[in-house]
Each structure stands twice: as C-alpha cells, then as structure tokens.
J.: 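Dropping a structure here in structure tokens format, bear with me for questions.
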Amino acid sequence: MEGQVATFLASALLVLGLGTLLSRRNLIWKLLGLNVASGGAALFLVALGHRPQARPPILGWGPGPAADPLPQALVLTAIVIHFATLALSLVYVIFLTEHRHTQDVPKLEREEGG
Amino acid sequence: MNIMVHAPILAIAVPLLGAFALPLFAKVHRNLRDLWGAAVAGFTAAMAVALAVQAFTSGIQVYTLGAPSPTDTVVAGGFPIRIMLVVDALSAFMGLITTVLGLASLVYAWRFLREDQGKTLALTLFFLLWAGIYGLEYTGDMFNFFVFLEITSIAACALVGYRTWESRPPEAAFKTMALYTLGGLLVLLAVGILYGEYGALNIAYLSSKIRGALVDKVALGLLLGGLLMKAGTVPAHMWAPDAYGEAPAQAAIVLVGNTQASLYGLWRVLFTLFGGALFAPQVGWLVVALGTLTLLVAVLMAVIQVDLTRLIAYGAVSQIGYMLLGVGVGLTVLSGRPEFGLVAIRGGVFHMLNDAATVGLLFLAAGAVYRAVGSKDLRALGGLGHDLKWTGGFFLLGALALAGVPPLNGFASKILIYQSSFQLSPILAAIAVLGSILLLAVFVRAFQGAFLGPRLTKAEPAPLSMLVAMGALAVLVIALGLVPGFFLEHLVNPAADALWRGRDLYLAAVLGG
C-alpha cells in the first residue's frame, strides 16, 4: 500500500516537474520544475525498495522482511548529483542576469535575433 | 602487484585524482601544475592504450571492484553483486578515441588557454570530463553508467560556460545543462525500472533476464530518449550548436568525445542490454530515421550559419546522423544477419574514429582563428590565409575530410555507410550522399570566406603547441584515409563484431559459462 502511494506520488511529482519545465518561461521556474522532477525520480527509486510489512534495513532488528537498502544508497548519489547540476545551472542564471538583465526565455531569444 | 590487471580502474581513477589535485599543485607553482598534468595524462593514456591492446588480443577484460580478485565477478549462485568494469573491443576502441582527443586537447590547451582566464580551472574540468568519458565507456553497471553520465554532463557544461565574461556562453551552458539533466533523469528512471523488475544493475545480468515485457519496453524508450538527447540528435539537437559554438576550442573537441560516449552507451543498450534482436527491426528503423533526419536537418542548418564555430557544430551534429544511420542499418537487419548489416556497423563505428579526428581538427583550427583575431563571425573574417598558413591548410583538410572527399578518412567510412544503407533502401543512401555534397559546399564557402581574399587584419600565427595538436589530428586524418584497411582490420572490425555478435561473449565474460 505505502509502496503504491509512494510510486503514485513520485509519478505526480515527475509530471508536475516536467510540466513546469516545459510550460514556464522563466529560467528559475524551469530549474524549479527540473528539481521537482528529480525529486520525483528519487522518490520513485526509494519506493522500489519497499516490501510489505518491512522494517528499516538495519542489522539486528529482529526477524521478518526488511526494506531493500540498495535503492536508498543509489538515491543518496542521485540527490548529490542533482544538487550539483542545480547549483551549476543557478550559477549560469546569475551570469545571464548580469549580462542580459532578464530571466525570461522569449526575451532572451528575441535579443539574440536582434 | 601487476599493474596491468588494474588498468580499467586506473584509467578512470587517475584522471579523477589528477583533476582535483591540479589546483593544489597550481597553488605551489605553475610549472609543477603542468608537470602534474602531463604525468597524469601520460599515465592515463598509457593505461587506456595498454587496456585496448589487451582487449584486442586476449578478449574481454573484466574488473570487479571490491572483490578479493578483480576477476571474481559473481558470488555463489551466479549473481553479480559488485560494481564491474567490462572492457570489450568496442569499449577499448572508444577508449582509444577518447585518448586521442584528450591528448590533442591538452597539448592544444597548453598555449591556447591564458593564465588570467582561469587556465588551472579549465584544465581541472578537462581532467574531470576525461575521467567521466572513460568511465562511461568502461563501466558494466547501469547505475554507474548514470553516475558517469552526470559527471560528464557537469564537467562539460562547466566548460561550455567557461567564458562567463561573455554573454552567450552562460546561455549555451544553461541550455545544455537543462537538456543533459533531463536526459540523465530519463536514464535514471530507466535504471530504477530495470532494478525494480530484475533486482540487479549489472548490464550482463540484466541482459540475460530481459525478455521483452512491457516494463522492458518502457525502460528502453526512456534510455533511448535520454541518450539520444545527450548525443544531440534531432529533435533534441538545439543545445549542440550552442554548446560546441561557445565552448573554448580545446573543450569542444572533448565534447565531441563526450557525445560519442553517449552514442556508445546507446549501442551498448541496444545491442548488449536489450540483446539486439529483441526489438531490432522497429527500433532499428527508428534509429535509421532519426539518423537520416539528423544529418539532413544539421546540414541544412549549416548552410545558413554565419558563425564559424556554429557552422562546424552543425557539421559535427550531421556526422552523428551518419553514425546513427550506419549502426541503425545494422540493427535493423540484425535478426537475419546479412553481410551488409556488418558492413553498415563497421561503417558507423569507423565513422566515430574519423569524426573524432576530422571534427576535432576543424574545431582546433577555428579556435586558432578566434585566438588570432578575436572573432568567429564569417562576415567579418577574411584573408586569414596570408598569416595563418598552417591553420588554413588544416581547416581545408578537415573540411574536405568531413565532406567525404576521397582519399581522406571521411570517405573511407562513408562509402561503407552508403553501400550498406543502399541495400536497405536507396533513398537513405541518396540522402546521405546529398548531405555530404551540401557539407562540401558549405565548408568550402566557409574556407573561402575566412582564409582567402585580401588581408583584412594582421593575425598572429598559432603557437607551436596548437600547431602540434592540429598536426597530429591532420596526420591521423590522412593516415586513416590512405590506409583504411589497416585500421579496419585491427581496430574497427573487432569493435563492430562486438556489436554484431559479441553479446554472448560479453555475458559469458561476466556471468561465467
């Protein structure tokens, strides 16, 4: 049950994030969308480790099923990577704002043409 | 300790360490930094070449991280739990391309980059990108593949936006970063789906389990989307001209290697992970269609470019189309295995090596022009041939090779692609030939505009290190064109065979038996 809820939430976050990325015209909004989508992907990976009635995967916590620990390890890596890409993209937004004084994609493209 | 056993991991770990130690050495002294960079690059190249020799002579090299012995691939029950590096002939071939491009870039950068414009940081990013590309090519683990994909993305985008004091590079870098991140996200989701379904991340193990269920198709679609996005194929090609156009020349040629590594990932996914024949005709036709579309759109866009590096960038994108066309034709006919399928894959794989040399040479020549006169606008350039004699010659050589004029190297691989795609459908071959003719026209015009005519400004000739890097690639262009048989026999054919019928060997090398 929790696994399905988490998977559903993850898909919702992905759709929301990618929708924002495509529809918004502002660079910061686009990055926010991308970040929400990355969050969705991370949640999706964590949800994969779900087992019915499972405990946290810690040694010595008694018998019974335990959640799969590997996706959690993967997600830590993925979160760090997404943090790095977000930080780097934000740096470029700062430089763009300094040079062009706008974060609006249509405006940036118009200036380029003219 | 036998160092050669550890060559696969050393080729990745040494440049990674080299990257992060470089700024520390630069704090002490510039010469120490240069010495360190040369030592790291030399060692990495030696490892990659030695590894290639091993892979070509004695078969697939497997390296298991954290195992008692690097060859202990599976635990009891035949299940691979550790991260693995698997180097077959194709990986080794790609490693050689990466080595050539990396060394050329480094030699060129020595005099091309200026100290007051952050030379140390550019070199650091270069080594990081280099390590990531080797990682992509050598890894045998899907999540590891994603991690290296993102390492290359971050390092590549940082290099694209390296000239932050100008207004266009940050924009190009942002665009590239957004598309790379999106592509990486798709790959991550596919990795998650495959892990959820089969409980493993090892490519060979996954390949032995995949039977073509619906989830497999979803994962394949996501991987295709993500990797094609990163390779810069139409319709996700918008970032490529910006990125190639704005990156400093020494970084642009490593970006070519990065793009090719994404293509290699695509081949690996299609032929090894998904067993080639599983979805072959439909996916093969998709790859062929995208390849044809890419080369056509890129060539037509190249016609209207007025910026020298953007023009070369579209040329580079069009060459990606030829590679997709060649290997796609091979994939389409994989189940029947007619002779021309193997020829097509050979053409596609050979074209990767030729593209690295040719496009690399063009980008380096354009970088020399930019350094000499501070502009890359074709409307403002002219008469540079008077001062930049060598650079002009190299540019002309690269342009002719790119357009596939015999006896240069572009012709040697394109003829294989023309022949084999003609047997699949004459229309494909016609489009491919048409693309080459248009490229010739576009690049001859660019050469004429930039290098011929009366002298407009006094240009300072390129320094020796830049000429050496360009000369090395030019020698490669000529050598590949004059004796293609030698390179085909010793490098390309084994690599193409690894795609054509090497999947069983790959699986056996990792899973045993």
Side-chain angles (χ1 to χ4, degrees), chain A residues 3 7 10-11 14 17-18 21-22 27-28 30-31 33-50 68 70-71 73-103 105 108-109 111-112, chain B residues 81 83 125 128 132 141-144 146-201 222 226 238 242 246:
Chain A
T7 313
S11 324
L14 270 169
L18 294 182
L21 174 71
L22 295 177
L27 293 179
I28 300 274
K30 279 184 182 291
L31 279 186
L34 207 50
N35 207 37
V36 168
S38 320
L43 184 58
F44 174 69
L45 280 183
V46 174
L48 287 176
H50 175 78
D68 187 351
L70 189 67
L74 302 185
V75 157
L76 278 180
T77 316
I79 288 174
V80 173
I81 288 172
H82 288 142
F83 170 72
T85 52
L86 179 70
L88 187 63
S89 311
L90 280 173
V91 168
Y92 289 126
V93 176
I94 294 173
F95 278 117
L96 261 180
T97 315
E98 273 179 8
H99 288 301
R100 315 273 287 268
H101 309 288
T102 178
Q103 295 157 3
V105 174
L108 283 169
E109 279 170 358
E111 277 177 28
E112 200 174 298
Chain B
I81 55 167
I83 293 177
L125 287 169
L128 196 58
D141 180 281
M142 278 317 283
F143 190 75
N144 217 232
F146 163 74
V147 172
F148 282 120
L149 196 72
E150 292 288 354
I151 290 178
T152 58
S153 295
I154 293 170
C157 289
L159 279 170
V160 169
Y162 170 71
R163 293 192 178 115
T164 48
W165 53 90
E166 292 172 16
S167 110
R168 290 180 61 102
E171 190 187 344
F174 182 91
K175 223 187 241 182
T176 312
M177 192 79 244
L179 264 151
Y180 276 5
T181 311
L182 193 58
L185 204 61
L186 298 183
V187 172
L188 178 64
L189 283 174
V191 171
I193 288 173
L194 288 175
Y195 179 78
E197 191 65 16
Y198 303 107
L201 294 165
L222 289 170
M238 309 82 73
D242 285 12
E246 297 307 328

J.: Do you know which of Ser89(A), Gly49(A), Ala10(A) has the most heavy-atom pairs under 4.5 Å to chain B?
T.: Ser89(A)
J.: Please flag which part of Leu74(A) lies under 4.5 Å from any non-hydrogen atom of chain B: side chain, backbone, both or neither.
T.: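 Both parts, heavy atoms under 4.5 Å.
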J.: How long is the gap from OG1 on Thr164(B) to CG on Leu96(A), to the nearest 0.5 Å?
T.: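 That separation rounds to 11.0 Å.
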J.: Between Ala158(B) and Leu88(A), what is the shortest heavy-atom contact and its length?
T.: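 So the minimum-distance heavy-atom pair works out to N-CD2, 4.0 Å.
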J.: To check you understand the geometry: which heavy-atom pair defines the closest contact between Ala84(A) and Ile154(B), and what is its length?
T.: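 Closest approach of Ala84(A) to Ile154(B): CB-CD1, 3.6 Å.
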J.: Going from CZ on Arg168(B) to CZ on Arg100(A), what distance comes out if it is rounded to the nearest 0.5 angstrom?
T.: 7.5 Å
J.: Can you tell which part of Leu45(A) gets under 4.5 Å to a heavy atom of chain B, answering side chain, backbone, both or neither?
T.: side chain
J.: If I take atom CD1 from residue Ile94(A) and atom CZ from residue Phe174(B), how far apart are they, to the nearest 0.5 angstrom?
T.: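 Rounded to the nearest 0.5 Å, the CD1-CZ separation comes to 12.0 Å.
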J.: Would you say that Phe146(B) contacts Thr77(A) through its side chain, given a criterion of any heavy-atom pair below 4.5 Å between the two side chains?
T.: no
J.: Going from CE on Met177(B) to CG on Leu90(A), what distance comes out if it is rounded to the nearest 0.5 angstrom?
T.: 11.0 Å
J.: To the nearest 0.5 Å, what is the distance between CG on Leu22(A) and CG on Leu182(B)?
T.: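 One gets 7.5 Å once the value is rounded to the nearest 0.5 Å.
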J.: Looking only at heavy atoms, which two atoms of Leu48(A) and Gly192(B) are closest? And how far apart?
T.: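 Scanning both residues completely, I find the closest heavy atoms to be CD1-O, 2.9 Å.
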J.: Tell me the closest heavy-atom pair linking Leu185(B) and Ala41(A), and the distance in Å.
T.: CD1-CB, 3.8 Å
J.: Is any side-chain heavy atom of Leu188(B) closer than 4.5 Å to a side-chain heavy atom of Phe44(A)?
T.: no
J.: Against chain B, label Leu31(A) side chain, backbone, both or neither, depending on which of its atoms sit under 4.5 Å from a heavy atom there.
T.: side chain
J.: So, does His99(A) use its side chain to make a donor-acceptor pair with the main chain of Glu166(B) at under 3.5 Å?
T.: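 Yes: the side chain of His99(A) pairs with the backbone of Glu166(B).
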J.: Examine whether an atom of Leu21(A) lies under 4.5 Å from a heavy atom of chain B, and if so say whether it belongs to the side chain, the backbone or both; otherwise answer neither.
T.: side chain
J.: Heavy-atom cut-off 4.5 Å, strictly under: side chain, backbone, both or neither for Leu27(A) against chain B?
T.: both
J.: Tell me, do Thr85(A) and Tyr180(B) make a side-chain contact under 4.5 Å, heavy atoms counted?
T.: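 Not in contact.
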J.: Side chain, backbone, both or neither: which part of Ile151(B) has a non-hydrogen atom closer than 4.5 Å to chain A?
T.: neither
J.: Taking every non-hydrogen pair under 4.5 Å, which of Cys157(B), Gly199(B), Gly184(B), Ala178(B) racks up the most with chain A?
T.: Cys157(B)
